[in-house]
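Read through the structure below, which is laid out as structure tokens, and then see the notes.
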2 protein chains.
Amino acid sequence: MVTIQEVAKKAGVSTATVSRVLNNRETVKEKTRIRVEQAIQELKYEPSALGRNLRNSESRLLLVLIPSISNPFYTEIINGIEDTAISKGYNILLCETDSNPKREAIYFNMVRNRLADGIILMDPTVNRKNLYDLASRHPIVQCSEFDEQGEISYVTIDNELAAYQAVKHLIKIGNRKVALINTDEKYLYARERRRGYEKALQEFDLPIESKWMRETGHLGFEGGQQAMRSLLNEADKPNAVFSVSDVLAIGAMKEIQLQGLKVPDDIAVIGFDKISFSNMTNPTLTTIAQPMYKMGCTSANMIINKIRGKEVESLILDHELIIREST
Amino acid sequence: MVTIQEVAKKAGVSTATVSRVLNNRETVKEKTRIRVEQAIQELKYEPSALGRNLRNSESRLLLVLIPSISNPFYTEIINGIEDTAISKGYNILLCETDSNPKREAIYFNMVRNRLADGIILMDPTVNRKNLYDLASRHPIVQCSEFDEQGEISYVTIDNELAAYQAVKHLIKIGNRKVALINTDEKYLYARERRRGYEKALQEFDLPIESKWMRETGHLGFEGGQQAMRSLLNEADKPNAVFSVSDVLAIGAMKEIQLQGLKVPDDIAVIGFDKISFSNMTNPTLTTIAQPMYKMGCTSANMIINKIRGKEVESLILDHELIIREST
DNA sequence: AACATAAATGTAATCGATTTCATAAAATGT
DNA sequence: ACATTTTATGAAATCGATTACATTTATGTT
């Protein structure tokens, strides 16, 4: 491996001068610069970021932790993070955690070990102690999911309000038997959206029936499909479904159609996230749009500010109800 | 920041001993070990991987470059890579390149700069010179996409054969007017699958008609939808479509149904990839399954072997035709 | 007790860069 | 031509770990 020493030797200068050329710092005579650059070329020198980072104690790398890359929900957020980070001279690395504490620990350690400067966390809080342990010593922000009791900065939307509006919409178009397809309540959004669902029912004096509520461990389509199948087995079938994610809603629609029922005539369906697929289904899916790209940008800005030692404030962004054919 | 020196001082030993405790290397007396561990605890010492990596000149990090994380095609491959890498003590980092040479360069440089030990590349070859420049000096393997003329090891499937079988299936069930929805031929798979399509037509003495071939720049659903719309504008409409990806096929189905036609009765559709969505559509999509998880495992093994200085051989894995309702 | 051997620990060099401070060389002023 | 300021460069310390080699301490043998 070619080192800065060999370049210095070849160019007949000191390593200090080579370093100056490398970082186009201060004043280096044109003639020397050219000689050094030639030596770099000839030797195909590639500076080691390890040496540099060790000296500067920064890596300009951001870690983005997501439970699963296969979930289309994260796509736009990541785009926002990426664009913002790159514009500020940081690179991002995606880390899939599977919500697995062990995997998470690996990536947390990358920050502890200065391989990365900070973390944007989109996982639900798995191990509160580990998280706060890290947060107390290293830059970290939460995006979308966050810990209610904690003091880690976050950016998110008002999930309860959004769910409330979605269910209210279902009720207003004439459905009095609204079911809920939820995910594991380890997710904060799951808890909040259930609250919004219940709040809307209460407001219209509708009963909160556990026979119309399902919780699925599987975040994929199959989860929605299974939940819907189970709901349709009830003697008293719902005539509308609020699903906490588009993916689940699409699975639910599949099952409804499989049983020969029509969306929205027999059962109306509403999703959450406005993933790109939600426009490809038949019928197209009514859903809640989150400002995902903006959430990404915001969280990137927050973490970079934190790395630079600034104080940052948590933010709640606006969402929007997108009414389409399924309701 | 707490360093190994401070720990050594606190424990009343040398840094060498602390390092030995850290790496549970060689022989350290139980009593000393405990003293050191206590000091580490008390000071909340977190070793810097930078120092370590610099000395050992390895990072145990693998970069995985994909054009877009939103493409569900990559999901299973990444799972395979991840599982294999972790079992061998490597961590992986996902890098989204957008097939953008600039982004790619950033990640290539991470390897040049020893921030990562090697790269698994799933991008089409954008800049042949850069690629071979990197490959000549650092470990890299290609997965799925690869450079036909190059000498970089790869793992992939026989795209031409798979496409040939798909189209043959369409013809055998009675369709003589088979259209092709393809992507940009910068992708090797696009070139190969077109060849397979043409080969099947030739074998059955069917003409290769450019009026039934479309190439879309957009890899999302909309791309498939637009291509299908354009195909349906032809005076002489096809009665079957081979689409080089499930995502495009789903877009195409959407458009067919939008125009009041039935799949597969009026137009049969076949996709490629067997993404999880392909089972959620109505009708379910006939497709070609690639051994994605295995491709992931294989490419991870290959890159790790390469990093360890071993010679590795390219591999072509088997695919499978999955016949469902759309044909 | 004396010696040989094994185990435990320390010293100092090392990895590859950056940077402070000192010094040499060039430019400028009188 | 000489003093002074400015500019360019080099020597050596530094970042935080690991490790070869040296040295000390412990253990066993006769």
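Numbered from 1 within each chain, the chains take letters A, B, ... in sequence-line order. Reckoned from all heavy atoms, side chains included, excluding hydrogens, waters and symmetry mates. If you're wondering where the values come from, they're calculated on a predicted model, not measured in any experiment.
- To the nearest angstrom, C1' of D:dA17 lies 8 Å from CG of B:N56.
- Spacing between atom CZ of A:R52 and atom P of C:dC15 amounts to 19 Å, rounded to whole angstrom units.
- The nearest whole Å value for the distance from the CG atom in A:L115 to the P atom in D:dC15 is 19 Å.
- B:V13 comes within 4.0 angstrom of the backbone, heavy atoms only, and of no base.
- Note on B:D83 versus A:R103: salt bridge recorded, some NZ/NE/NH1/NH2 to OD/OE distance being below 4.0 Å.
- Helix-axis bend for the helix from C:dA1-D:dT30 to C:dT30-D:dA1: the local axis fitted to the five terminal pairs at one end deviates from that at the other end by 40°, rounded to 10°.
- Across the protein-nucleic acid pair, B:N24 atom CG and D:dT18 atom P stand 11 Å apart, rounded to whole Å.
- The 5' end of DNA chain C is approached more closely, in terms of each residue's nearest nucleotide, by A:S19 than by the other of A:K29 and A:S19.
- Contact annotation for A:L50: no contact, since no heavy-atom pair falls under 4.0 Å across all strands.
- Between the side chains of B:T183 and B:Y189, at least one donor N or O lies within less than 3.5 Å of an accepting N or O.
- Under 3.5 Å, the side chain of B:R55 and the base of C:dG16 form no donor-acceptor pair of N or O atoms.
- Nearest nucleotide to the A:S14 side chain, out of D:dG10, C:dA8, C:dT11: D:dG10.
- A residue-by-residue look at B:T15 and B:K31 shows that B:K31 has its nearest nucleotide of DNA chain C further toward the 5' end.
- Of the candidates C:dG10, C:dG16, C:dT18, C:dG10 carries the atom nearest the B:R20 side chain, counting heavy atoms from C-beta on.
- Taking atom CG of residue B:N53 and atom C1' of nucleotide D:dA17, one finds them 10 Å apart after rounding to whole Å.
- At the phosphate of D:dT9, OP1 or OP2 sits under 4.0 Å from a side-chain N or O atom of A:T32.
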After noting the C-alpha distance and the side-chain angles of B:E104 and B:N130, does the key distance pass the side chain to side chain contact (heavy atoms under 4.5 Å, CB included) rule?
-> CA-CA 10 Å; B:E104 197 176 73; B:N130 271 357; 5.6 Å; no

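- A:N113 contributes no side-chain N or O that, together with a main-chain N or O of A:L115, makes up a donor-acceptor pair within less than 3.5 Å.
- The interatomic distance linking A:Q5 (CD) with D:dA11 (C1') rounds to 13 Å, in whole Å.
- Look at CZ on B:R33: it is 16 Å from P on C:dA7, rounded to the nearest Å.
- Of the two residues contacting DNA chain D, namely B:G51 and B:T17, the nearest-nucleotide position lying further toward the 5' end is that of B:G51.
- No side-chain donor-acceptor contact under 3.5 Å links B:N305 and B:R308.
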Test side chain to side chain contact (heavy atoms under 4.5 Å, CB included) applied to B:I140 and B:I152, step by step = CA-CA 7 Å; B:I140 183 168; B:I152 300 174; 4.2 Å; yes

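- Across the protein-nucleic acid pair, A:R112 atom CZ and D:dG16 atom C1' stand 18 Å apart, rounded to whole Å.
- Electrostatic pairing of A:E58 and A:R60 counts as a salt bridge here, judged by a charged N lying under 4.0 Å from a carboxylate O.
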May I have the step-by-step check of side chain to side chain contact (heavy atoms under 4.5 Å, CB included) for B:R52 and B:N23, ending in yes or no?
-> CA-CA 11 Å; B:R52 175 175 300 163; B:N23 301 284; 4.2 Å; yes

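- The B:A16 side chain lies nearest to D:dT19 when the options are D:dG16, D:dT19, C:dA8.
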